[in-house]
Amino acid sequence: MKQPPYFLKSVLLAWLFIFFVSCDQSKQQKYTVADVPDPKKTGGGYVSNPDHLITDATVNELNAKLALLDNAGKVQVGVVVLRSIGNNDTRDFVHQLFNYWKIGDKEKNNGLLILMVEDARKLEFETGKGIEADMPDLICFRIQQEYMIPRIKEHNYDAAFTDGIQSVASLFNNGNYAYTQLPDMPAADGSLMPSVTGPVVDISPNMPATDDAAADSAVANADAGDSDNVTYAEPQPYAGTYTSSGDPSSSSGNSYSYTGDFSFIGIVFWIIVSALMMYIFFGKKRKNRAVDAEPILVSEYQNEFLRPGWIGQVLLHLTAFGIIYYVAHQRHTDVGFIKTLVIYYVTWVVFIHVAALIISMRAAIMLRGKDRHEKWLQLAVLYRDFSRAKYPFPLPFLWLYVALLQRRMAHLRNDPYDCHHCLKPMHKLDEEADDQFLDKKQVIEEGLHSVDYDVWGCDTCGNKTILNYTNMRSQVAQCPSCAHISYQKGAVLTKKSATYTSEGWGIIPYTCAACGFKHDYRFTIAKLVESSSSSSSSSSSSSFSSSSSSSDWGGGSSGGGGASSSW
């Protein structure tokens, strides 16, 4: 059975949707262990940031801090920040990558690997056996939860890794990871102390975790002869949360400067889909036709009430782009494919309802003074195209508008006519009875399903009125000879094939089923174009694939310790 063109267009639209969704899911590189760029092989650093999720300035700052820890022989830290590793488990991935790079000294096994995978929403620590005493799993988890995950939730990856590495450095330099959470020393109660001078004991937040015990010991060990002459130094302010610029004065970092990412493939998808829907729902402007041009099929008739064209496209996309910009830049939120889908869908809902309002107003003006039959023919073209919009955008009111339009067309066609001679009401004959009043060509048109004829009869004077109702989805044209909707298109014939040096041509034969008129319409086939290919990109795609498991890290291996956190 031959499918109608709008059905085929719907199928094509569905396939395009599936194709672009699959493209969006695969647009980001999904790294394997061997694919992750080794910073030791690309500059001697410690941070692998292939997706540029943290800034270059932060990468340089982290490399400098990690080099100090490594050169001091305390810990060798690798940092990896990726968008996606596909369906791989992040815990297995960080363990395999640790051993693949061999992080840490071969004898000390003092390696630490920090991995963040954005789409999996996972932060992983993997430790070598040599640092498990100083950095047990609980400390790893606390560093993640207290210094990194809150920043990651704000999409402030720079501050997350700056604070996390600062905490690791504090742990190995001072024995305390919580460099921003040391308790305040209570102010001295002067009412219970003599007002004398003596040695000063400085209780500052740079002291180890056992501050209370150390403070007591320091007071007890002050000048024994002057044990009463002890006073406290002024409490020092605690360090704030360090930002990527190194400014400790701000505890909020630079989270509000984050600009949300957007789905480029989602926007491209909607540009294409919007162009298709604009054509399907409204048609397109007819170009100037040549003298002997191929005839217009009935299914290509245009509605005369509204064709937004490129102006509608521009308005639609500017509105959607404005919303996407606001969400990404003002709300600091990523706009992925799904959010882009929602934004464009809502924009289309508003657009299609405004279009329905404009069509209603223009129809009221353009149809004024025309008879019922002419009104029906013009509304039938509108209904053919615009009614398709009720399937993707039924709410809130489009379904009602289409239902009212359909009801109006039914009244225009089926309400009784008054006889032109005696002015008495007429009645419509059924399909079998009206055939006897149709001529041969009209019967052929009904057989082609291009036209349905209604015959109205007057019981008083016997007058008959015949009205044609064209099937606006018919793939038949109007015959230039007899004017009946029975001009059928034949198989396309290629008379001369195109080459690289010359054009080809062919013909499209048309035959009228009613009067037998025939005509061939000639068309031109463009010259073939030679295609060129380049393999320059293939060499760069495997730039990291040839690297082996040996590295310049130090030859260490994982002890299996560490921690995992999600956000």
Can you list, pair by pair, the side-chain donor-acceptor contacts under 3.5 Å of residues 305-318, counting residues two or more places apart and other chains?
| unit_1 | atom_1 | unit_2 | atom_2 | d |
| --- | --- | --- | --- | --- |
| R307 | NH1 | N303 | O | 2.7 |
| Q313 | OE1 | H317 | NE2 | 3.4 |
| H317 | ND1 | Y344 | OH | 2.9 |

N156 side chain to A160 main-chain N or O, any donor-acceptor pair under 3.5 Å? no
Just to verify, what does R91 make a salt bridge (charged side-chain N to carboxylate O under 4.0 Å, His left out) with, not counting sequence neighbours? E124, E126
How many angstroms lie between CG in L404 and CG in L400, if you round to the nearest 0.5 Å? 4.5 Å
Is there a side-chain contact between T319 and V350, using heavy atoms and a 4.5 Å cut-off? no
Apply side chain to side chain donor-acceptor pair (under 3.5 Å) to K527 and list each qualifying residue two or more places apart in sequence or on a separate chain. none
I'd like to check L82 versus M116 (side-chain heavy atoms, cut-off strictly below 4.5 Å). Are they in contact? no
Salt bridge (charged side-chain N to carboxylate O under 4.0 Å, His left out): pairs with one or both residues in residues 425-444, sequence neighbours excluded: K428-D454
Compare every heavy atom of H155 with every heavy atom of H332, then report the nearest pair and how far apart it is. O-CD2, 4.4 Å
Kindly give the heavy-atom pair with the smallest separation between K375 and L412, and that separation in Å. CB-CD1, 3.9 Å
Not counting sequence neighbours, list each pair that qualifies as a side-chain hydrogen bond (donor to acceptor under 3.5 Å, both in side chains) and has a residue in residues 389-404. none
For S486, does its backbone N or O pair with a side-chain atom of S450 as donor and acceptor, under 3.5 Å? no
Determine whether F386 and I352 satisfy the following criterion, side-chain contact (heavy atoms from CB on, under 4.5 Å), listing intermediate values before the conclusion. CA-CA 9 Å; F386 198 68; I352 209 74; 3.9 Å; yes
What distance do Y453 atom OH and I466 atom CD1 have between them, rounded to the nearest 0.5 Å? 8.5 Å
Does E445 reach the main-chain N or O of I485 with its side chain, forming a donor-acceptor pair under 3.5 Å? yes
Can D51 and Y31 be said to form a side-chain contact (heavy atoms from CB on, under 4.5 Å), step by step? CA-CA 11 Å; D51 295 319; Y31 290 94; 3.4 Å; yes
Output yes when a side-chain donor or acceptor of R384 lies under 3.5 Å from a complementary backbone atom of M472, and no otherwise. yes
Closest non-hydrogen atoms of T470 and L377, given as atom of the first, atom of the second and distance, are N-CD2, 4.0 Å
Report the distance from atom NZ of K122 to atom CD1 of I85, rounding to the nearest 0.5 Å. 10.5 Å
When you compare the side chain of M277 with that of W270, does any pair of heavy atoms fall below 4.5 Å? yes
d(E374 CD, Q378 CD) to nearest 0.5 Å is 7.5 Å
Output side-chain donor-acceptor pairs under 3.5 Å for residues 508-522, partner residues at least two apart or in another chain, one line each.
| unit_1 | atom_1 | unit_2 | atom_2 | d |
| --- | --- | --- | --- | --- |
| Y510 | OH | E294 | OE2 | 2.7 |
| H519 | NE2 | D292 | OD1 | 3.0 |
| H519 | NE2 | D292 | OD2 | 3.4 |
| Y521 | OH | Y487 | OH | 3.2 |

Under a 4.5 Å cut-off applied to non-hydrogen side-chain atoms, are V117 and F93 in contact? no
Say whether, by atom type as modelled, one donor and one acceptor occur between the side chain of Q302 and the main chain of G283 under 3.5 angstrom. no
Value for CD1 (I365) from OG (S360), rounded to nearest 0.5 Å, stands at 11.5 Å
Closer than 3.5 angstrom, by distance alone: can the side chain of D158 be matched with the main-chain N or O of T55 as a donor-acceptor pair? yes
For the residue pair S565 and Q145, establish whether any side-chain heavy-atom pair is separated by less than 4.5 Å. yes
Counting N and O atoms only, with roles assigned by atom type, does the side chain of K464 sit under 3.5 Å from a partner on the main chain of V455, one being a donor and the other an acceptor? no
Suppose we screen for side chain to side chain donor-acceptor pair (under 3.5 Å). Which residues come up paired with S274, at least two apart in sequence or across chains? W348
Is there a side-chain contact between S566 and R121, using heavy atoms and a 4.5 Å cut-off? no
Give the minimum heavy-atom separation between P425 and D418, together with the two atoms involved. CA-OD1, 3.9 Å
Quick one: CD on E446 to CG on L448, what's the gap to the nearest 0.5 Å? 10.5 Å
So which atom in I525 and which in A498 form the shortest heavy-atom distance, rounded to 0.1 Å? CG2-CB, 3.7 Å
Taking only residues two or more places apart in sequence or in another chain, which ones pass side-chain contact (heavy atoms from CB on, under 4.5 Å) with T524? E503
Under the rule for side-chain contact (heavy atoms from CB on, under 4.5 Å), what residues qualify as partners of S497, not counting sequence neighbours? T494
What closest approach, in Å, do L395 and V349 show between heavy atoms, and which atom pair accounts for it? O-CG1, 3.6 Å
Partner residues of H427 under the side-chain contact (heavy atoms from CB on, under 4.5 Å) criterion, sequence neighbours left out: L429, D459
Is there a donor-acceptor pair closer than 3.5 Å between any side-chain N or O of H353 and the backbone N or O of F397? yes
Within the distance-only criterion (no hydrogens, no angle test), does the side chain of R372 pair as donor or acceptor with the backbone N or O of D415 below 3.5 angstrom? yes
Going through the checks in order, is the side-chain contact (heavy atoms from CB on, under 4.5 Å) test met by V298 and N471? CA-CA 8 Å; V298 174; N471 176 13; over 6 Å; no
Name all residues meeting the side-chain contact (heavy atoms from CB on, under 4.5 Å) criterion together with L467; count only those two or more places apart in sequence or in a different chain, and write none if there are none. H373, Y417, W456, T465, Y469
side-chain contact (heavy atoms from CB on, under 4.5 Å), that's the test. Do K489 and Q475 meet it? Break it down for me. CA-CA 8 Å; K489 182 178 180 179; Q475 297 294 305; over 6 Å; no
D92 side-chain N/O to D89 backbone N/O, donor-acceptor pair under 3.5 Å: no
If you draw a 6.0 Å radius around OH in Y325, do more than 12 non-hydrogen atoms from other residues or ligands fall strictly inside? no
Do I324 and I267 have side chains that get closer than 4.5 Å, going by heavy atoms? yes
Do R83 and L53 come close enough that some side-chain heavy atom pair is under 4.5 Å? yes
Considering residues at least two apart in sequence or located in another chain, which fulfil the salt bridge (charged side-chain N to carboxylate O under 4.0 Å, His left out) criterion with D385? R388
